[in-house]
Amino acid sequence: MISCPVCNKKMQKIERKYICEGNHNFDVSKFGHVNLLLSNQKNSKLPGDSKEMVLSRKNYLEKGYYEGISNGVNEIIKRELGDKKDIKVLDIGCGEGYYTNRLKTFLENLDIKNEIVGIDISKEAVISAAKSYKNIEWIVASASSLPIEDESLDFIICMFA
Ligand SMILES: C[S@@+](CC[C@H](N)C(=O)[O-])C[C@H]1O[C@@H](n2cnc3c(N)ncnc32)[C@H](O)[C@@H]1O
């Protein structure tokens, strides 16, 4: 479902690279994320939440205060699934991946096959997510220029972003 930020053509992950049909390629980092934010899509040197903001929110969320909200989102997706057993989900402004990861675990427990992509413009947020949670595609990109193929998704979540 990921498309090239340069030419919009479909991209495939081959080993540790995303390569598009137009031959643009992007390395997967040692943390497991990919940076698809082009320099002309940035309006500052370090866009999005800072490392301090990310750490602070991660510590807070891990205390469980927002667990009810996450459970509520997951239940809405369950209700809207219909007979789908295989879904694709995008989390826009995913931060350090708290909701993204809880949704992944929820779907696995329901035996729903899933591909989940988390996108955030903050490199620090995406690095934190990639270090903590595997089996999710973590991408640095902007919500205003999503590197996602048209009509490729079943659900989009966007939590407090
Ligand atoms: C309040 S945080 C919410 C993070 C996460 N969804 C959560 O609820 O824990 C907002 C997030 O949106 C990101 N963000 C801001 N502008 C963005 C943009 N244009 N594209 C993608 N992400 C953006 C920030 O970097 C930050 O991680």
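Numbers here are sequence positions counted from 1. Order of listing sets the numbers, starting from 1, for every ligand and every atom in it.
The closest approach between a heavy atom of Ser144 and any atom of ligand 1 is not below 4.0 Å. Contact between Ala141 and ligand 1 is present, with at least one heavy atom of the residue lying under 4.0 Å from the ligand.
Ring planes of Tyr60 and Tyr66: perpendicular class, angle over 60° (limits at 30 and 60°).
Asp49 OD2, 3.3 Å is the protein heavy atom nearest to atom 26 (C) of ligand 1. Given atom 19 (N) of ligand 1, the protein heavy atom at minimum distance is Ser142 OG, 3.6 Å. For atom 20 (N) of ligand 1, the nearest protein heavy atom (residue, atom name, distance) is Ala143 N, 2.8 Å. Protein heavy atom at the shortest distance from atom 15 (C) of ligand 1 is Ile121 CG2, 4.0 Å. The single protein non-hydrogen atom nearest to atom 10 (C) of ligand 1 is Phe160 O, 3.6 Å, given as residue, atom name and distance.
Residues Leu107 and Ile92 do not share a hydrophobic cluster, defined by chaining ILVMFWY side chains whose heavy atoms lie under 4.5 Å apart.
If you look at Tyr98 next to ligand 1, there are no close heavy atoms at all, none under 4.0 Å. By the criterion of a heavy-atom distance under 4.0 Å, the side chain of Leu61, and not its backbone, is placed next to ligand 1. If you look at Cys158 next to ligand 1, there are no close heavy atoms at all, none under 4.0 Å.
Between Asp120 and ligand 1, a contact under 3.5 Å exists for at least one N or O pair. Distances between N or O atoms of Ala161 and those of ligand 1 include no value under 3.5 Å. Taking any N or O of Ala125, backbone or side chain, none lies under 3.5 Å from an N or O belonging to ligand 1.
Put simply, CD1 on Ile127 and NZ on Lys51 are 8.0 Å apart, with the number rounded to the nearest 0.5 Å.
Between Lys88 and Glu115, at least one side-chain N (NZ, or NE/NH1/NH2) sits under 4.0 Å from a carboxylate O, which counts as a salt bridge. The pair Glu75-Arg79 does not meet the salt-bridge criterion, since no charged nitrogen lies less than 4.0 angstrom from a carboxylate oxygen. By the 4.0 Å N-to-carboxylate-O rule, Lys113 lies too far from Glu108 to be salt-bridged with it.
Each of the following atoms of ligand 1 lies closer than 4.0 Å to a heavy atom of Met159: 3 (C), 5 (C), 6 (N), 7 (C), 8 (O). Those atoms of ligand 1 with a heavy atom of Tyr99 less than 4.0 angstrom away are 7 (C), 8 (O), 9 (O). Residue Arg57 has at least one heavy-atom neighbour below 4.0 Å for each of these atoms of ligand 1: 1 (C), 2 (S), 4 (C), 9 (O), 27 (O). Residue contact check: Cys94 has heavy atoms under 4.0 Å from atoms 5 (C), 6 (N) of ligand 1. Residue contact check: Gly48 has heavy atoms under 4.0 Å from atoms 25 (O) of ligand 1.
In summary, the side chains of Asp49 and Ser122 do not present any donor paired with an acceptor at a separation below 3.5 Å, with no hydrogens or angles considered. Between Asn114 and Lys104, the side chains place a donor N or O and an acceptor N or O closer than 3.5 Å (distance only, hydrogens not considered). Under the 3.5 Å distance criterion, with hydrogens and angles disregarded, a donor-acceptor pair is assigned to the side chains of Gln41 and Ser145.
Tyr18 meets the ring pair (Phe, Tyr, Trp, His ring centres under 6.0 Å) test with no other residue; sequence neighbours excluded.
Judged by distance alone, the side chain of Asp120 and the main-chain N or O of Gly95 form a donor-acceptor pair under 3.5 Å. Checking side-chain atoms of Trp138 against main-chain N and O of Tyr133 turns up a donor-acceptor pair under 3.5 Å.
Here atom 4 (C) of ligand 1 lies nearest to Gly93 when heavy atoms of Pro47, Gly118, Gly93 are compared.
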